[in-house]
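Scroll down for the structure; my scribbles are underneath it.
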Amino acid sequence: MNKRLYIQTLALGLFVWSVRLDAALAQTPPPPPLSAVSNQTFKRQAQPDMKQPVTSRQPLTRAVPLSATAPSPWQRLTRQPTFFAGAMLLLTDGTVMVHDQGSKNNGSSNWWRLTPDVNGSYLNGKWSKLASLPSGYAPLYFASAILPDGRVIIEGGNYNNGQQVFTNLGAIYDPLANKWAPVSPPDRKGWEKIGAAASTVLANGTFMIGGISTIEQVLFNPTDLSWTVTGKGKADINAKENWTLLPNGRVLTVDTNNLQYLTNSELYLPELIRKSCSKCTSGRWICGGSTIVLLPDTNKDGSGTHEMGPQLLRPDGTVFAAGATGHTAVYDSLEGTWKPAPDFPNPNGTSTGQYSAGDSPAALLPSGNVLVMASPGVGNQPPAHFFVFDGTNLKQIIPDPRNAVNLSAYYGYMIVLPTGQVMFNSRFGDIELYTDSGAIADGTAPTITTVPTTLVTGMSYPLTGKQLNGVSQAAAYGEGYQSATNYPLVRIVIAKTKHVFYARTFGHSSMGVTPGAVSSTNFTVPAGIETGAATLFAVANGIASNPISVTVAKK
């Protein structure tokens, strides 16, 4: 070999090796979201056989799968965070709130904000510091949600201040005041530990959470920060579960601790409320049927990690459930039935080589397809790869994002941005944006029916429309992190400059994901917005509504 060519080849190899080494050593990998309880089981109570109300199914436009020669769909943020980025939440003003996991990736009290640039680009966004959590609360792996009034609630944590204590502390964040306030845990036996909790916001806007060592769930009152017990008839404890809001307002979960029925799923019915007593338990669980294939890593003798992968509702009314076993399944919310879906690959043909999605992230793309991360073992070994489920096929994306060779599936977090891009946080020193190449799925865009056409800076206005929350919660990870975006944002684009502004929304009348549902919200025109002719859009899960011509004037 020519000496100069040999030196150049050697230098290139050393450079590639150093880049991988630098990325791998950039920070301590995040610890796994362990469960405090794994061997408890509860006998199912007798439950009524109930049919689900049927809603119309929306047709899908299929995206073309990526090929090896296609341009990379991944782009690294121009300004990577200077902190150890963890949980990401999309605020109703279009900014992204990001938790600092701390230098050892085991919890901190700090939060940051990513603000898109004036052109609406998150790729070129800027970081700013937000208020810290109340003293003594520095969690990792906690329940999280955006409430209808625009506030943020987080509850529990496997780790607190670096210690694995399964804390029951919580806090609520007011983005207007940039201030956190503590939230006391439910004053009930069994709630001494919340830990990495399953949670969701119901269609009526109520935040529901399940502690890791109880079969109970509780509902949050955002006015007085109190809790009400709900969820009679649950077959097993909530630990390791993933909850999915359905079009009919019910909640689907796959049991992870049910040793009698390893493939059992359940449905939470919020409409079954005892009206004779204001303090009585409301809502109950019924059987959701067998997933047919085993999804959680649970064995009849109680062994296994009890991990479960993400579940995501698609625009056609089906839920894609990715297992920690390498299996996947699809639940038809209209028919109330399950069927097996394609397995993740097993390139080595061994149990240790089987790819799976235990505690891994997934996001709904504008095309209606699901982007999901998987890796060998129970999703807890590198390297990681990324796959797209289109309703029939589960295909690997080529290429992977930077440093995927060093990632385990449980490292990753995803959130859907207002641009339709998916923000992927490796929690290992890198945040990237994934851009879907497919067309927007038919019937998924929100529609504005009424909104004032003359807007004044700093003033608030109502907006009504259809499907303002989209048709899915749009992102899932499992217990310990939820990043749903099924709430309306308002985007205003100035005609003259093409500059993009987001008006903070609040007071959503619904958080449901029923196709075509009528709802309303309120929005406040930013004080610093440019004036003149503009176009206004409602945005849900990265999909924009019909444009409305408006005029923005100074107060």
Side-chain angles (χ1 to χ4, degrees), residues 54-67 70 73 90 203 244-248 252 310-322 328-335 339 341-342 361-373 386-395 397 414-424 433-448 465-476 483-489 491 510-519 537-547:
V54 176
T55 57
S56 60
R57 174 170 288 142
Q58 300 296 312
L60 289 180
T61 299
R62 304 296 184 190
V64 178
L66 291 169
S67 68
L90 179 64
T244 303
L245 183 64
L246 300 179
N248 55 21
L252 173 72
Q311 301 168 183
L312 269 184
L313 175 67
R314 300 179 64 247
D316 63 357
T318 62
V319 176
F320 173 67
T328 73
V330 170
Y331 177 75
D332 188 324
S333 66
L334 304 184
E335 301 295 333
K339 67 177 181 180
L364 183 70
L365 302 173
S367 60
N369 298 340
V370 176
L371 175 68
V372 60
M373 182 181 184
F386 292 75
F387 300 83
V388 168
F389 179 70
D390 65 6
T392 303
N393 305 300
L394 184 65
K395 294 188 176 181
I397 291 173
M414 294 183 187
I415 194 167
V416 179
L417 297 175
T419 56
Q421 296 166 302
V422 174
M423 180 176 285
F424 169 69
L433 302 186
Y434 177 85
T435 302
D436 186 16
S437 62
I440 294 174
D442 293 341
T444 58
T447 301
I448 298 174
K466 296 180 179 180
Q467 214 164 269
L468 295 180
N469 301 325
V471 292
S472 172
Q473 291 171 304
S483 56
T485 55
N486 56 310
Y487 41 86
L489 303 185
R491 177 192 296 153
S510 171
M511 295 287 277
V513 290
T514 305
V518 176
S519 63
F537 303 86
V539 181
N541 298 333
I543 301 174
S545 72
N546 54 309

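Every heavy atom of this structure was used, including side-chain atoms; hydrogens, water molecules and symmetry mates were not.
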- How long is the gap from CG on Asn369 to CG on Leu312, to the nearest 0.5 Å? 11.5 Å
- Below 4.5 Å, heavy atoms only, C-beta onward: do Phe320 and Pro310 meet side chain to side chain? no
- Message: When you measure from the side chain of Asn541 to the backbone of Ser472, do you find a donor-acceptor pair of N or O atoms at a distance under 3.5 Å?
- Response: yes
- Item | Gln467 versus Pro446, closest heavy-atom pair with distance | O-CB, 3.3 Å
- Closest heavy-atom contact between Val416 and Gly542? CG1-N, 4.1 Å
- Please report the closest heavy-atom contact between Pro342 and Phe389, naming both atoms and the distance. CD-CE1, 3.9 Å
- Item | Short side-chain to backbone donor-acceptor contact, Asn486 and Asn469, under 3.5 Å | no
- Item | Sub-6.0 Å ring centroid separation between Phe424 and Tyr434 | no
- Task: Start with the C-alpha distance between Tyr331 and Leu252, add both sets of side-chain angles, then the distance that settles side-chain contact (heavy atoms from CB on, under 4.5 Å), and finish with yes or no.
- Result: CA-CA 9 Å; Tyr331 177 75; Leu252 173 72; 3.7 Å; yes
- side chain to side chain contact (heavy atoms under 4.5 Å, CB included) partners of Pro366, counting only residues at least two apart: Asp436, Ile440, Ile543
- Query: Where the side chain of Asp316 meets the backbone of Thr318, is there a donor-acceptor pair that is under 3.5 Å apart?
  - Reply: yes
- Work out which heavy atom in Pro315 is nearest to a heavy atom in Ala441; give both atom names and the distance. CG-CB, 4.4 Å
- Taking Gln473 for its side chain and Thr485 for its backbone only, find out whether a donor-acceptor pair lies under 3.5 Å. no
- No-hydrogen, no-angle side-chain donor-acceptor test under 3.5 Å, Thr447 and Asn546: no
- Message: Let me confirm one number: the OG1-CG distance from Thr419 to Leu433, rounded to the nearest 0.5 Å.
- Response: 7.0 Å
- CG of Leu468 to OH of Tyr487: how many Å apart, nearest 0.5 Å? 14.5 Å
- Message: In the structure I gave you, are the side-chain heavy atoms of Met414 and Ser483 within less than 4.5 Å of one another anywhere?
- Response: no
- Pairwise distance OG(Ser519) to CE(Met511) - rounded to 0.5 angstrom: 10.5 Å
- Quick one: CZ on Arg314 to CG on Leu365, what's the gap to the nearest 0.5 Å? 10.0 Å
- Message: Which heavy atom of Phe537 sits nearest to which heavy atom of Ser545, and what is that distance?
- Response: CD2-O, 3.4 Å
- Heavy-atom distance under 4.5 Å between the side chains of Leu246 and Val319, does that happen here? yes
- Message: What I'd like to find out is whether the side chain of Leu394 reaches to under 4.5 Å of the side chain of Val388, using heavy atoms alone.
- Response: no
- Query: How far does CG of Leu90 sit from CE of Met423, to the nearest 0.5 angstrom?
  - Reply: 9.0 Å
- Query: Which residues satisfy the side chain to side chain donor-acceptor pair (under 3.5 Å) test with Thr244, sequence neighbours excluded?
  - Reply: Gln311
- Item | Heavy-atom pair of closest approach, residues Val330 and Ala341 | CG2-CB, 3.9 Å
- Message: Measuring only between side-chain heavy atoms, which start at C-beta, is Pro247 closer than 4.5 Å to Ser333?
- Response: yes
